[in-house]
Number of protein chains: 2
Amino acid sequence: MGASARRGPYFCGIDAAMDVVAGKWKSLILWELHQHGTRRFAELRRGLPGVSEKMLIQHLREMEEDGLVHREVYHQVPPKVEYSLTEDGVSLNAALAPLGEWGTERMRRIGAGRVLVDGAAATGR
Amino acid sequence: MGASARRGPYFCGIDAAMDVVAGKWKSLILWELHQHGTRRFAELRRGLPGVSEKMLIQHLREMEEDGLVHREVYHQVPPKVEYSLTEDGVSLNAALAPLGEWGTERMRRIGAGRVLVDGAAATGR
DNA sequence: CAGGATCCGCCAAGATACTG
DNA sequence: CAGTATCTTGGCGGATCCTG
């Protein structure tokens, strides 16, 4: 098995949600896919500066198993794979919004921010 | 020193917030303190079945450094220390609520839950 | 009662090289 | 282009013993 997920038992809803978003890049992947609707592997890599191929594919696979991400494979040469959010992924992203606003406000106060993509800070994420 | 916090730079608000709630028990500590208003060390231990003294004190110290938790020491014998949430802690807890509801709904669907304290599930957390 | 100090296992995550 | 396969490591979290 490739996934590292616990998938329960959980103490509470937050515990369950954290299990699914835990991972250095998962919330960023969620955000990228939400912004662009659908993205190819290489596009995601470029959108997430610093991520390795291994971690990206690993996180994507786990999120697919968790039903957050849809993976569409086009059997052609050269290969093409498109990733997008499922309904669960979209709702999770929405549930993450208040947390993002809290963090943004905190960053503003303690002055520890770094804008990844233009507009990321402005949107409250 | 002692804390493991990155404290930036962050890519986005979620990143900053996750840095502060990351840790196996932090969201549960937040929840416990929010429910009871103020708790002593031993009370927290009993409220978080499975936590070790080391991890509890470590998480509490980090959360204090992060300005989420207030630590009130009573200089007496035997010692007495009371923990409570700061305003930041309260607002973080509120920002976590939607995520908790998302997770609760998910647990209901995949059937991987375990109620920690009576009422925890009923409250949507 | 409320910690402090240590030792250790495990696994997420990084680096590197190779493939259909 | 979109992965796979290994090796390595930092540090989170568990266990155990000790102290003001």
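All chains are named by letter (A, B, ...) in the order of the sequence lines, taking the proteins before the strands, and each is independently numbered beginning at 1.
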Could you work out how much the helix from C/dC1-D/dG20 to C/dG20-D/dC1 bends, comparing the axis of its first five pairs with that of its last five, to 10°?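 Result, rounded to 10 degrees: 50°.
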> Do side-chain atoms of B/D15 reach the backbone of B/F11 as a donor and acceptor pair under 3.5 angstrom?
Replying inline: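 Yes; judged by distance alone, with no hydrogens or angles, the pair exists.
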Side-chain ion pair, B/E105 and B/R108, N-O less than 4.0 Å
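B/R108 and B/E105: salt-bridged.
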task = Considering only NZ, NE, NH1 and NH2 on the basic side and carboxylate oxygens on the acidic side, decide whether B/K26 and B/E62 come within less than 4.0 Å.
result =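 So B/K26 pairs with B/E62 through a salt bridge.
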Whether each nucleotide of nucleotides 13-20 of chain C has a protein heavy atom under 4.0 Å at its base (B), only at its sugar-phosphate (S) or at neither (-) is summarised, 5' to 3', as BBB----B
Value in whole Å for how far the [atom2] atom of [N] lies from [atom1] of [X]:
| X | N | atom1 | atom2 | answer |
| --- | --- | --- | --- | --- |
| B/R71 | C/dC1 | CZ | C1' | 12 Å |
| B/M18 | C/dA12 | CE | P | 15 Å |
| A/E72 | D/dC1 | CD | P | 20 Å |
| A/E82 | D/dC1 | CD | P | 15 Å |
| B/K26 | D/dC12 | NZ | C1' | 11 Å |
| A/H75 | D/dC1 | NE2 | C1' | 14 Å |
| B/L56 | D/dA15 | CG | C1' | 16 Å |
| B/R40 | C/dC1 | CZ | C1' | 7 Å |

Q) What nucleic acid atoms does A/Y74 come within less than 4.0 Å of, heavy atoms only: base, sugar-phosphate, or nothing? A) nothing
Next item on the list: May I ask you to say what B/R45 touches in the nucleic acid, namely base, sugar-phosphate or nothing, with a heavy-atom cut-off under 4.0 Å?
Entry: nothing
request  = Supply the atom-to-atom distance A/H36 NE2 to A/S84 OG, rounded to the nearest 0.5 angstrom.
outcome  =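 Reported value, rounded in 0.5 Å steps: 14.0 Å.
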* **Heavy-atom check, side chain of A/L60 versus side chain of A/Q58, under 4.5 Å** =>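 Sidechains of A/Q58 and A/L60: no contact.
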Worksheet item: Considering only heavy atoms from C-beta outward, does the side chain of B/L96 approach that of B/W31 to under 4.5 Å?
Response: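 A side-chain contact under 4.5 Å is absent here.
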Quiz prompt | Criterion side-chain hydrogen bond (donor to acceptor under 3.5 Å, both in side chains) on A/H34 and A/E32, from CA distance to verdict | solution = CA-CA 5 Å; A/H34 179 249; A/E32 269 287 303; over 6 Å; no
Exercise for the section: Apply side chain to side chain contact (heavy atoms under 4.5 Å, CB included) to B/E64 and B/T86, showing your working. Expected result: CA-CA 9 Å; B/E64 188 190 359; B/T86 63; over 6 Å; no
Q.
More than 12 heavy atoms of other residues, nucleotides or ligands under 6.0 Å from CD of B/E87: yes or no?
A.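 No.
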Less than 4.0 angstrom between a side-chain N/O of B/R61 and OP1 or OP2 of C/dG4, yes or no? yes
